[in-house]
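Some notes on the structure that comes next.
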Amino acid sequence: MAAAAIRIENVEVDYAAGRGTMRRILNGINLEIASGEFVSIVGQTGCGKSTLLRLILAEEAPTRGRVLVGGRERSQPDRSCGYVPQRYSLFPDKTVLGNVTFGLEVTAGGFERWRRKKEFREEALRYLRHTGLNEADAQKYPHQLSGGMQQRVAIAQALILHPPILLMDEAFSALDPGTRAGMQRLIKELWRESGTTIVFVTHNTREAVCLSTRIVALAKNSTGERGSSVALDIPVTHADFDSDHEEITTLVQRVEAATMPSTDASKLDTSKYVLL
Amino acid sequence: MSLLRIRAVPNRYTAWTLSWFLFAAGTLAYFYAAQQRHHENPDDRVMPTVSQMFTAFEDAALKPAEEEEVQEGAASQSLWQRMGNSMLWKDTKATGRRFLISVALLFPGVLLGLHMAMFPYIGSFFLRFVQFFDKIVALSLLPILFIAFGIDELSKIMLIVIGVTPTIILDTFNLSKSVPHEQIVKAFTLGAGEFTIAYRIVLKQIFPRVLNSIRLNLKAVMLFLFAGEMIASTDGLAYRIALLRRHMGMDTILPYVLWVALLLFLVDLGMSTLNRTLHPWFQEA
């Protein structure tokens, strides 16, 4: 197995629930994601999917335990993880080209930024073409693009820096079904080409099954501490868009069963699920 | 057809006519009333007629103020020279200079508001104080300002700064806070540092709204400036209005009031045009 890109050790997350009480969102999560994996995190609303992603992003710190990315703990988001959120992924005051070259420019800094302007532009256009956009689109502002095109730009913006890990938080959930299917194929293609580790948060189980090599299902644990979530690891080795329809349906049912709020971890068939 | 339909769409000419209707009605009503008063009392000074106002404005725009000495050879001066030495131009220049300095001094307030929003320690340090300061009625500080800074320019400019800056600081603070958190996280993941995010992401995004906020506060700036000029000044548009009030010079006061409104309107229009030109993405967003 490849080296761990992300290691989550005994992580607990508590939030203030008012009147001096705390609510545990994640309870004793252990997770290891290897380099080059495509891992989807699924679960119902409020089970802690986005919290888990924010921990990996270092946007927030766990109450207990630790999160290592590339072998180190971080105090705030940095270039080690690319990020594509559901909304507001682009800077509205910059053109599409400006959005994609932004990362290259700030990384180069000062004089280099001006000297290599043409090179950055060519690189950005190459990435935009790769995500299905053309030179005319590059001159537009984000509000002039459709939701699907905006997310294509957001992906190009993140991938142009070659991040070892790409975190996507419900990145396709605001898109219509047709656009969404196109985006799913695009991200899978880019993942295969780049070998980037992708952590993909979604509430759409079918999407997770079709995209990932592995699914982490979070379920509110009725037997656990104060309603916190348990995480179940479900390997998905054969699923693909072209896979047998029945196979996908079976997998979807399995994952959905694992994310039910009443899931009692002690009663799950451990030959099918691995309790994280 | 009902006029009070929410989904009504007036045609272009109707909308244009309606938009000018109150101007026309107000002007006609004034001149009718002025005519009536002058019919009853030809020496009436409360409501001057059009010709009286025109003559007074022409004098103001082409002749020096009464208190100034008439320069030698004034009669042979060109129109531009006469306008340059005129009462109106000198008053406009004096008020305009104070106004521009005051507006320029609002921009450090913008930077403070931005830093308060971006850096929590700076926010904690300043926020409560600025919120309290914002509640102080600036005009109530006028005597203190005159005692502390004298009756020169500084006290008038300080009055405007104290009156308007806290509002601009708080507005910038709120605008900066409203930038989606996702964008700040995204910028970090793209390698941007703290100040790059503050200036290249947040300030650039909120700047059109900040300019709009300053536009909305232009009248407040002018209000404080007029208060200062009326109380302690030897030149300026408000000084002249206050001076003419003593002589019941309504024929000059009314054109001066309209002149001030026109100047403010033009400044507002200029800023609006500048905003649209500099930020093409904003108007359409």
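Per chain, numbering begins at 1; letters A, B, ... match sequence-line order.
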Take B:Phe226 and B:Phe99 through the test ring-ring contact (aromatic ring centres under 6.0 Å, His included) and record every step on the way to the result.
CA-CA 10 Å; B:Phe226 266 45; B:Phe99 178 79; 9.9 Å; no

Check the side chains of A:Ser89 and A:Gln150 for a donor-acceptor pair under 3.5 angstrom, ignoring hydrogens and angles.
no

Examine the side chains of A:Thr95 and A:Gln139 and answer whether a donor and an acceptor come within less than 3.5 Å of each other.
no

Determine whether the side chains of B:Trp259 and B:Thr92 contain a donor N or O and an acceptor N or O closer than 3.5 Å.
yes

Should the pair A:His162 and A:Tyr127 be assigned to parallel (<30°), tilted (30 to 60°) or perpendicular (>60°) ring geometry?
perpendicular

Residue from B:Thr196, B:Ile201, B:Ile184 scoring the most non-hydrogen pairs under 4.5 Å with chain A is B:Ile201

Quick check on A:Leu57 against chain B: is it the side chain, the backbone, both or neither that has a heavy atom closer than 4.5 Å?
side chain

Identify, with sequence neighbours excluded, every residue that meets salt bridge (charged side-chain N to carboxylate O under 4.0 Å, His left out) alongside B:Arg98.
B:Glu153, B:Glu229, B:Asp235

Side chain from CB out, backbone as N, CA, C, O: work out which of these in A:Arg87 comes under 4.5 Å of a heavy atom of chain B, or both, or neither.
backbone

If you count heavy-atom pairs under 4.5 Å with chain B, which of A:Asp169, A:Ile160, A:Val106, A:Asp93 comes out on top?
A:Asp93

Does A:Glu105 pair with A:Lys94 as a salt bridge, N-O distance under 4.0 Å?
no

Where along residues 65-81 of chain A does a heavy atom come under 4.5 Å of chain B, listed by residue number?
A:Gln76, A:Pro77, A:Asp78, A:Arg79, A:Cys81

Is it the backbone or the side chain of A:Ala154 that comes under 4.5 Å from a heavy atom of chain B, or both, or neither?
both

Could you check B:Phe126 against B:Tyr121 for ring-ring contact (aromatic ring centres under 6.0 Å, His included), going step by step and ending with a plain yes or no?
CA-CA 9 Å; B:Phe126 283 109; B:Tyr121 282 107; over 10 Å; no

If you draw a 6.0 Å radius around CZ in B:Phe125, do more than 12 non-hydrogen atoms from other residues or ligands fall strictly inside?
no

Which one of B:Lys204, B:Arg200, B:Gln205 has the most heavy-atom pairs closer than 4.5 Å to chain A?
B:Arg200

